[in-house]
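Remarks on the structure that follows.
Remember, it's 1-based here, ligands and their atoms both numbered in the order they're listed.
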Amino acid sequence: MAEPLEEPLKELVERARQVRENAHAPYSQFRVGAALRTSSGKVYAGCNVENASYGATSCAERSAVAAMVAAGEREITAIAVFTDADPPGMPCGICRQVLLEFGRPGTEIVAASPRDLRRITLERLLPEPFTLNR
Ligand code: THU
C-alpha cells in the first residue's frame, strides 16, 4: 500500500468511488468512476457509459472532462480514477491524451481500488505527447 494521500486527493478518491456506482457497464462489467478537481477548486465526476455499439463507449475520465467543460472550466489539477482492478487501473491512452488537453504541469493522477493506490503525474503518464504545434 502506498503512502496515505493528502485530504484533497482523498476526497477525490471518495467521489470517484461513489460515482462508479452509477457506471453503465453491462458489456464489460468493468465499472470505472473518475473525479477531477479544477484550478477553481471545483470537483467534476463521471463514470463509464457503455453502449451496445461498443465503440460508442465513453470512459469515466472523459465523462468527467465533459462535465467540467460543460460547466465552463478548463484546467485540471488532479484526477482520481476508481476501479476494482489489481493493480488499480490507470487511464487508457485516449483518456491520457484528453487529460493532457486540460492538464497543467504537475497535474496529479491517482488510480485507486478498494485495496490499493497508485499515484503519478500527467507528464510521467504520457511522456512525449502529441501536440498541435505548427
Ligand atoms: N474504461 C474507462 O472508463 N477508463 C479507462 O481509462 C479505461 C477503460 C472503461 C471503458 C469500458 O467501459 C470498460 O472500462 C472496459 O474497457
Side-chain angles (χ1 to χ4, degrees):
M1 179 73 88
E3 299 233 320
L5 291 177
E6 309 85 277
E7 205 47 52
L9 288 179
K10 257 192 180 159
E11 186 198 329
L12 276 190
V13 169
E14 176 54 18
R15 293 283 296 269
R17 190 190 66 74
Q18 286 170 6
V19 71
R20 178 173 176 266
E21 300 289 317
N22 297 332
H24 178 68
Y27 306 104
S28 71
Q29 310 295 334
F30 189 81
R31 290 139 63 84
V32 188
L36 63 83
R37 182 170 282 109
T38 60
S39 43
S40 78
K42 287 213 179 117
V43 174
Y44 299 90
C47 54
N48 54 333
V49 183
E50 297 188 344
N51 192 274
S53 175
Y54 296 171
T57 292
S58 175
C59 287
E61 297 91 326
R62 280 178 285 142
S63 299
V65 167
M68 172 193 79
V69 173
E73 296 224 44
R74 292 283 186 277
E75 196 176 75
I76 301 170
T77 58
I79 181 167
V81 181
F82 201 100
T83 63
D84 194 33
D86 256 326
M90 286 287 177
C92 77
I94 294 173
C95 289
R96 292 177 196 206
Q97 182 68 32
V98 170
L99 291 173
L100 185 79
E101 184 84 13
F102 301 106
R104 65 173 197 191
T107 291
E108 299 223 56
I109 319 288
V110 178
S113 76
R115 298 163 300 281
D116 205 359
L117 277 179
R118 299 163 82 191
R119 183 175 175 168
I120 190 171
T121 58
L122 184 55
E123 54 269 40
R124 283 195 58 219
L125 190 65
L126 184 56
E128 304 294 337
F130 170 75
T131 53
L132 199 57
N133 292 329
R134 282 179 273 217

Contacting atoms of ligand 1, where contact means under 4.0 angstrom from a heavy atom of [X]:
| X | result |
| --- | --- |
| Glu61 | 2 (C), 3 (O), 4 (N), 5 (C), 6 (O) |
| Pro91 | 6 (O) |
| Cys92 | 5 (C), 6 (O), 7 (C) |
| Thr57 | 10 (C), 11 (C), 12 (O) |
| Glu50 | 11 (C), 12 (O), 13 (C) |

Shortest heavy-atom approach to atom 15 (C) of ligand 1 - which of Ser28, Ala64, Gly46: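 Heavy atom nearest to atom 15 (C) of ligand 1 belongs to Ser28.
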Looking only at protein heavy atoms, identify the closest one to [atom] and say how far it is in Å.
| atom | result |
| --- | --- |
| atom 8 (C) of ligand 1 | Cys59 SG, 3.8 Å |
| atom 3 (O) of ligand 1 | Ala60 N, 2.9 Å |
| atom 16 (O) of ligand 1 | Phe30 CD2, 4.8 Å |
| atom 9 (C) of ligand 1 | Asn48 ND2, 3.6 Å |

Over 12 non-hydrogen atoms of neighbours within 6.0 angstrom of CD1 in Ile120: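 Yes, because the 6.0 Å sphere around CD1 of Ile120 holds more than 12 heavy atoms from other groups.
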Gln97 and Glu101: side chain donor to acceptor below 3.5 Å: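 No - no donor-acceptor pair under 3.5 Å links their side chains.
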Backbone N/O of Ser28 and side chain of Glu50: donor-acceptor pair under 3.5 Å: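 Pair found, side chain donor or acceptor close to backbone of Ser28.
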Under 3.5 Å: donor-acceptor pair, side chain of Arg17, backbone of Phe82: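 It does not hold such a pair.
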Cluster link Val110 to Val32, ILVMFWY, side chain under 4.5 Å: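 No; Val32 is not reachable from Val110 via cluster members.
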Same cluster (ILVMFWY, side-chain, under 4.5 Å), Phe30 and Val19: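 No: no chain of side-chain contacts under 4.5 Å links Phe30 to Val19.
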Side-chain ion pair, Arg119 and Glu6, N-O less than 4.0 Å: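 Result for this pair is yes, salt bridge flagged.
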